[in-house]
Amino acid sequence: MKALIIEKNSMNILLERFLEEYRVFGPTKPGSDSTFDEIKSIEQLHLDYISTVLPPKKFFLPPNETLFSFNIKNGKFTTKEIRPDEKILILGIHPCDVHALLKLDKFFSGDFNDLYYQNRRKNSAIIALNCVEPSEHSFCRSLGTGPFLNEGYDILLTDVGTNYLIEIGTSTGKRLVKGLNLTNASEEDFHEKERRLKLMEKKFKKSMNISWLPKIARENLDHDIWFDLGERGGVAGSFPCLSCGSCTFVCPTCYCYEVYDAVDLSLKSGTRNRELDSCQLLEYAEVALGGNFRRDRKDRIHHWMLCKFGAAAGGKNSSCVGCGRCIRVCPSKIDITEVAKALRRG
Amino acid sequence: MEEITIDVNYLARVEGRGALNISISKDGKVEDLQFRIYEPPRFFESFLIGRKYDEVMELTSRICGICPVAHQITAIRAIENALGIEPSQQTRDLRKLMAISAHIQSNVFSMYFLSLPDLMGYESIITMTKDNLDIVKRGLKLKKLGNDITDLIGGRAVHPVTAVVGGFTVIPSRNKMKAIRKRLVEAKQDAYDTVDLFSEVEIPDFERKCEHIAISDPKEYSINHGRFRSTEGLDIDEMEYRDYIREEQVPYSTALHSHVKNRSSFMVGPLPRVNINFDQLSSDAKDAARRSGVKFPNFNPFVSHLARAVELVHDIDESIEIIDRVPLKEERRNFICKAGFGAAITEAPRGSLYHSYEIDNNGIVKKADLVPPTAHNANNIEKDLQEFVLTLLDLSMDEITLKCEMLIRAYDPCISCSTH
Amino acid sequence: MINAYLPNLAIIKKIIRETHNTNTYMLEFFDKQLQTSFSCTPGQFMMYSVFGAGESAISLSDINNNDITATIRNVGSVTNTILNMKEGDSIGIRGPYGTGWPLDKAKGKNVLIIAGGMGIAPLRGAITHIKNQRNNFGHLEIIYGARTPGDMIFKYEFEKWRQIKNSRLDLTADTIPANTPFECKAGLVTSCFPSMKTQHKNAIVLLCGPEIMMRYAAKCLETIGFKDDQIYLSLERRMKCGIGKCGHCQIGLKYVCKDGPVFNYTDIKPFIHPL
Amino acid sequence: MVKKPKIAIFKFTGCAGCQLELLHLEDIFLDLLELFDINYWVMVKRDNDEKEWDISLVEGGISTPKEIEEIKQIRKKTKFLVAFGDCAIGGCIPSIRNWIPQMEAENQVYPDTSTIHSMKVLGIGEYVKVDAILKGCPPHRETIVELLKSALLKIRPRLKQHPVCVECKFRDNACLITSKKMACMGPVTSAGCGAICPSLGRECEGCFGPMSNPNASALASIFKDIGFSEDDIKRKFRKYAGMSSEFQKEALHEWKK
Ligand SMILES: Cc1cc2nc3c(=O)[nH]c(=O)nc-3n(C[C@H](O)[C@H](O)[C@H](O)COP(=O)(O)OP(=O)(O)OC[C@H]3O[C@@H](n4cnc5c(N)ncnc54)[C@H](O)[C@@H]3O)c2cc1C
Ligand code: SF4
Ligand code: SF4
Ligand code: SF4
């Protein structure tokens with residue numbers, strides 16, 4: 001498909017086009033603590049951001065959502081499904097986060113479809129943005145999920161100096177740029193993209209060797225490191241885990257949720273909701289009569305790390321995409337890449 | 001006549017735990033009269049020592065759940081006085097708006113929940129809902145308005161979190177302010193209706209001339225700062241408070257009793273405020289007061305309810321004014337911590353509230369001195385009762401008891417505060 | 001597409017009192033079509049909704065007829081509310097979910113069933129199945145233990161089970177209060193092992209009960225020659241969705257709701273805490 | 001309709017803020033009156049029925065011998081006793097004085113201490129069995145409603161035990177510890193407030209008390225690492241829940257010089 005270019009300071013042309021069809025969300029602050037928020041005008045958009053606190057997962061699997069409402073009448077209940085159908089467009093999403101969505105797509109389909117997630121995905125457009133400035137915590141390169149993207153986008157933007165290179169991934173993408181007065185991209189633009197990729201790849205400070213991961217996940221169930229992380233001095237200069245759950249909430253591939261009912265004061269009607277949950281929290285594995293399958297902190301951090309290394313759910317591959325958010329957010333400075341290294345070493 | 005003994009073991013519809021004991025001899029003399037505050041003290045003045053200057057507002061907030069805002073602002077201002085910090089105009093405005101919102105909440109609570117049932121012949125607002133649903137709903141609505149403003153500026157109605165030394169951690173959004181403004185405009189009628197309600201209900205005809213004190217400022221209806229002035233000529237700066245106001249312990253009460261040096265007890269609260277600062281009320285509030293037919297200055301403590309209602313009209317007017325002028329821009333808070341002494345007096349909903357602190361070079365509190373409104377009033381309440389009860393001797397015991405309780409509730413004592 | 005989270009209306013047709021805190025419920029979908037197309041295998045479970053209280057995973061405790069059978073012990077919010085329901089009341093259910101007991105693999109083999117407490121619930125269906133297809137299986141041995149005889153459920157089935165051809169039933173209780181008219185041994189389930197008839201050769205073990213009991217039983221079986229891969233057990237974990245999305249029931253690589261609740265012991269042994 | 005549950009509301013040593021939080025449920029205040037029979041509430045009612053109650057909400061800590069007697073009486077007449085707010089759970093802010101010798105505290109305030117009968121202020125659980133706790137200074141209105149609703153439905157209320165960080169992340173906040181080096185108590189503090197403070201540019205001070213199984217010592221080391229003194233840290237843990245077993249070590253800790 002042919003590629004186009006757009007001058008950076010003409011981005012409002014694209015935005016206006018998007019706004020015709022979608023509610024648009026994008027990064028609204030520069031730096032590492034940006035957030036994806038609604039964009040209504042071009043001044044709100046900060047495509048020069050490095051990372052966001054919460055990943056765009058929040059648009060597809062919101063921290064809290066209503067699944068259906070129920071009503072009890074004459075002892076019989078009726079339910080009313082609540083289906084999300086808003087059209088949203090995520091603008092400026094980085095490759096690691098796109099890969100995370102691809103993983104979640106797979107997870108939320110299969111024998112049982114999660115209609116809530118899937119409807120949202122179906123109604124969304126992804127305008128990705130290749131990374132030219134890595135966060136000091138990210139290691140997507142090691143995992144093959146960045147810094148540049150080659151799947152999962154409707155439109156892909158790359159910063160090539162004064163312009164963005166626009167590559168089209170799907171018919172939606174094609175439709176969205178159709179009729180806009182944009183110049184075709186040249187050979188040089190692609191050379192520039194290539195050059196920037198090379199430059200970018202040199203800038204990573206963190207890495208993780210994924211060929212170890214399956215082995216680590218299999219062999220390290222009773223490693224001392226879990227005690228260190230849970231109770232004692234931590235690993236590689238970190239403090240022990242606080243079990244605050246932050247790592248899981250900022251992780252673009254963590255999906256665990258809790259389901260609960262909320263009744264109104266009539267006691268006859270209410271909603272069933274779900275709220276993101278975290279395996280780091282004590283209550284997560286609690287069952288009736290006070291039982292708990294992961295009471296110790298070490299078991300919880302161990303469960304999470306191994307899940308990210310691919311032991312659970314993600315299947316054979318790692319379920320980590322190397323965005324580095326968990327490293328940045330951890331008040332105890334626990335670094336998943338360092339833990340992986342330490343496990344490999346010892 | 002018979003000997004009369006009144007024992008109210010717990011006073012209902014007041015904040016905190018207090019009791020009342022009166023005995024009157026056969027010849028109609030008050031033998032004994034005790035407004036007995038038995039709420040256990042919490043020793044804030046002791047444990048504040050050793051805490052840091054920036055925690056003081058958060059800690060003293062917990063003196064009282066009804067007027068946490070007043071304690072926070074007073075504490076902050078006392079600390080600022082100690083550190084020599086001049087807050088910006090925006091900060092002053094937002095603080096005033098927050099203080100006013102707390103006044104709205106607390107005064108409405110006092111009028112509708114605590115005292116109105118007496119005046120309308122009910123046991124509580126709960127039983128009042130049967131025949132007077134509209135009045136109850138109006139009270140709830142007004143109270144909610146106050147809370148929601150505190151919520152918006154302070155982050156939370158009970159024990160807000162954003163007001164700190166030097167300013168606010170965050171400035172509320174313009175849109176939310178606009179929404180509140182709209183509700184304030186709508187509430188004006190409810191405020192007028194409240195004035196009407198409280199000028200119509202029957203109150204005991206009782207007057208006792210005593211010293212009324214409130215802070216006062218020629219330019220505004222004072223809540224957060226002003227000179228400490230009285231109807232008897234007191235006119236001092238907040239830093240001089242301790243040279244003029246003395247406290248004394250009485251054996252039957254955990255609240256200390258105050259008096260003006262070389263003079264007697266005094267009254268603080270909405271009535272003294274309206275009496276002393278009538279000219280600074282908004283013109284609508286003044287009109288409402290005039291229409292009520294009650295003359296100010298007024299020395300019937302039961303007129304306090306009406307004073308609250310008049311203040312409610314003013315509070316709404318001033319809130320709108322502040323919202324219209326405050327720029328809502330982000331500000332930086334810069335200051336250095338140094339040793340010093342600072343005092344502040346503000347008007348809590350129930351009257352003048354005094355805080356003072358001595359801090360050292362590291363910002364650690366070395367001495368704290370707190371006098372809440374009810375500690376100011378406790379002495380005066382007893383003096384009022386002494387005279388008031390003698391006007392009731394023809395009534396049945398139950399009625400005497402109720403009337404005495406009503407007098408106490410007119411002061412709306414906050415007992416937890418008084419025994420901080 | 002169907003929304004997998006929406007429960008369907010079901011009516012409680014019959015309630016059988018089992019113990020002071022446990023009842024068995026026979027249910028039927030309100031929607032006749034759903035009821036006729038319903039099919040399940042022993043060992044599977046359903047999600048039961050009580051609106052306001054939430055949802056709980058409950059095993060199918062029999063497979064005999066057109067009913068959906070559940071035996072529920074009162075331990076918390078959902079189960080407590082269910083226990084207070086009457087015949088004719090309605091409830092929300094969805095399912096069945098999970099893998100059942102490996103009855104195909106058990107064909108031609110001797111079957112040893114070991115159950116502790118409520119663990120007999122998901123196993124009753126398997127017993128019924130073996131009884132119905134008696135010729136397809138070898139010797140059937142059932143060992144059932146409970147804390148006290150009063151905690152035993154399905155007492156009315158014991159006689160029928162005893163009458164199954166080529167079978168043996170052994171009952172045991174941890175403690176037996178004086179004057180209990182009920183006949184059973186005193187001791188843990190493993191105390192029945194010495195008198196057990198089933199030997200490891202050509203046998204398959206179906207195990208369900210509290211996790212600690214299962215671990216202990218598996219260890220004892222090992223000492224008498226059983227291999228881990230002969231043992232199947234049904235696990236319990238916290239469950240919120242029942243369909244492998246909420247994450248709560250993960251055990252190592254597996255999801256109890258999707259890959260289980262019945263597992264081969266080899267698959268999950270490393271993830272169950274050692275004794 | 002079934003008989004309305006009888007509710008009583010009591011105050012001990014505290015600030016009445018928890019009761020106020022209950023009163024701040026203006027929108028549903030009338031609905032609650034439909035569902036419950038509030039028949040003991042001194043702050044709101046003059047006729048108070050002292051027979052027995054289905055649910056008692058107890059605000060405030062216990063700080064005098066008289067209060068010990070009173071709470072025991074209330075326990076006897078109550079089916080379901082709720083420690084309503086941090087004071088009733090563990091003394092809250094007033095418990096800071098427990099670290100000062102009692103006489104010293106009294107002398108600071110009263111010229112004549114012979115009429116003062118105060119002891120250390122502790123939670124009601126110290127003296128009677130408590131059926132549920134509502135954390136917070138004050139507890140969030142929503143959680144009060146949640147508890148009351150659950151009581152009607154006879155189910156376990158959904159009260160949060162996990163840390164404030166969870167709610168902080170739900171609100172998309174950058175972490176104040178890592179991004180601003182502020183000493184936030186969020187990682188050891190029970191959620192329930194909606195992460196009010198971190199969302200408003202202020203570190204959590206811990207007003208909901210300890211979460212389930214907090215790692216307080218790890219947080220203390222983190223605070224030290226970002227530049228807080230031993231005294232600062234001690235003050236942090238001696239604030240809302242200095243009496244709790246979870247924070248006892250950090251509150252007491254005489255940091256090695
Ligand atoms: C596959 C499977 C089959 C089961 N079969 C039966 C059965 O046949 N009969 C029976 O009585 N019980 C069975 N249970 C256990 C039953 O699910 C719990 O006892 C029940 O969920 C408790 O819910 P509650 O709301 O009454 O208790 P609460 O303690 O109020 O539980 C609240 C929530 O915690 C979770 N939870 C608590 N305990 C458990 C638990 N043990 N397992 C899974 N989630 C839990 C649930 O999500 C529940 O909604 C089974 C559990 C599983 C996983
Ligand atoms: S584990 Fe950490 S680095 Fe990996 S995807 Fe999750 S948050 Fe990002
Ligand atoms: S700011 Fe505080 S509450 Fe929020 S994540 Fe950081 S430590 Fe936790
Ligand atoms: S963030 Fe912390 S201090 Fe603030 S309200 Fe919540 S629990 Fe209290």
Side-chain angles (χ1 to χ4, degrees), chain B residues 10-17 38-47 49-52 55 58-59 61-66 68 109 113-114 117-118 123-127 129 133 136-137 140-141 143-144 147 155-159 161-162 164 169-170 249 251-252 254 256 405 414 416-417, chain D residues 11-21 23-24 26-27 29-30 33 38 41-48 63-64 66-67 87 92-94 96-100 104-112 114-118 121 137-138 193 196-197 199-202 205 207 231-232 235 239:
Chain B
Y10 62 83
L11 281 165
R13 280 194 265 115
V14 298
E15 191 291 331
R17 284 170 298 159
Y38 62 88
E39 173 97 19
R42 287 165 293 160
F43 306 99
F44 269 81
E45 282 147 324
S46 315
F47 69 72
I49 296 173
R51 305 297 300 199
K52 213 156 180 182
E55 300 177 288
E58 178 196 343
L59 299 178
S61 172
R62 270 72 185 183
I63 290 174
C64 179
I66 305 188
F109 181 59
F113 281 68
L114 303 183
D118 290 331
E123 172 274 325
S124 74
I125 191 158
I126 299 175
T127 41
T129 52
L133 193 59
V136 175
K137 278 189 175 160
L140 286 167
K141 192 171 140 204
K143 183 166 141 346
K144 185 174 162 62
N147 282 330
R156 172 162 76 179
V158 179
H159 307 320
V161 301
T162 60
V164 289
T169 58
V170 78
Q249 189 180 359
Y252 52 83
T254 47
L256 301 179
E405 284 182 35
C414 179
S416 299
C417 270
Chain D
K11 175 174 188 285
F12 287 90
T13 305
C15 79
C18 302
Q19 294 184 69
L20 259 288
E21 189 70 15
L23 282 160
H24 288 349
E26 293 97 352
D27 287 338
F29 189 71
L30 297 171
L33 296 181
I38 304 182
W41 193 359
V42 171
M43 191 163 81
V44 170
K45 291 164 59 70
R46 193 159 179 264
D47 294 345
N48 291 296
S63 76
T64 62
K66 191 160 166 251
E67 287 188 325
C87 285
C92 194
I93 296 280
I96 299 176
R97 79 145 191 273
N98 294 355
W99 303 95
I100 318 170
E104 201 180 308
E106 290 182 12
N107 283 327
Q108 198 73 39
V109 182
Y110 294 100
D112 173 10
S114 65
T115 55
I116 306 298
H117 308 289
S118 289
V121 50
C137 176
C193 65
I196 298 178
C197 299
S199 309
L200 295 172
R202 210 191 135 147
E205 295 290 357
C207 82
D231 281 343
D232 291 335
R235 272 196 293 270
K239 205 184 255 180

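Only heavy atoms go into these numbers, but all of them, side chains included; no hydrogens, no water, no symmetry mates. Throughout, a chain's letter reflects where its sequence line sits, starting with A, and its residues are numbered from 1.
- Note that B/Lys143 lies outside the cation-pi zone of D/Phe29, set by a 6.0 Å cut-off to the ring centre and a 45° limit from the axis.
- For a residue to count as touching a neighbouring chain, one of its non-hydrogen atoms must lie under 4.5 Å from one of that chain's; by this rule D/Leu200 touches chain B with backbone and side chain alike.
- To the nearest 0.5 Å, atom NZ of residue D/Lys45 and atom OG of residue B/Ser124 are 4.5 Å apart.
- Contacts of B/Phe44 with chain D are made by side-chain atoms alone, with heavy-atom separations under 4.5 Å and no backbone atom involved.
- Using a 4.5 Å cut-off between heavy atoms, D/Asn98 does not touch chain B at all.
- In this structure, chain B has heavy atoms under 4.5 Å from both the backbone and the side chain of D/Glu106.
- Interface summary for chain B: among D/Cys18, D/Ala105, D/Ser63, the most heavy-atom pairs under 4.5 angstrom belong to D/Ala105.
- Nearest heavy atom pair, residue D/Pro94 against residue B/Phe47, reads CA-CE2, 3.9 Å.
- Contact of D/Ile116 with chain B is made through the side chain alone, with heavy-atom distances under 4.5 Å.
- In this structure B/Arg42 satisfies the side-chain hydrogen bond (donor to acceptor under 3.5 Å, both in side chains) test with no other residue, sequence neighbours excluded.
- For D/Ile93, the parts lying under 4.5 angstrom from a heavy atom of chain B are both the backbone and the side chain.
- Side-chain atoms of B/His159 and D/Pro138, non-hydrogen and from C-beta on, do get closer than 4.5 Å to each other.
- Contact annotation for D/Thr13: both backbone and side-chain heavy atoms come within less than 4.5 Å of a heavy atom of chain B.
- With a 4.5 Å cut-off on non-hydrogen atoms, D/Val121 does not touch chain B at all.
- When side chains are defined from C-beta on, B/Leu133 counts as touching D/Leu30, because their heavy atoms get closer than 4.5 Å.
- For the pair B/Ser46/D/Arg97, no side-chain contact is recorded, criterion being any heavy-atom separation below 4.5 Å from C-beta on.
- At a 4.5 Å heavy-atom cutoff, the contact between B/Arg156 and chain D is made by side-chain atoms alone.
- The shortest non-hydrogen separation linking D/Cys207 to B/Arg62 is CB-NH2, 3.8 Å.
- Residues D/Arg46 and B/Glu123 share a closest heavy-atom pair of N-OE2, 2.9 Å.
- The existence of a salt bridge linking B/Lys52 and D/Asp232 is confirmed by a sub-4.0 Å separation between a basic side-chain nitrogen and an acidic carboxylate oxygen.
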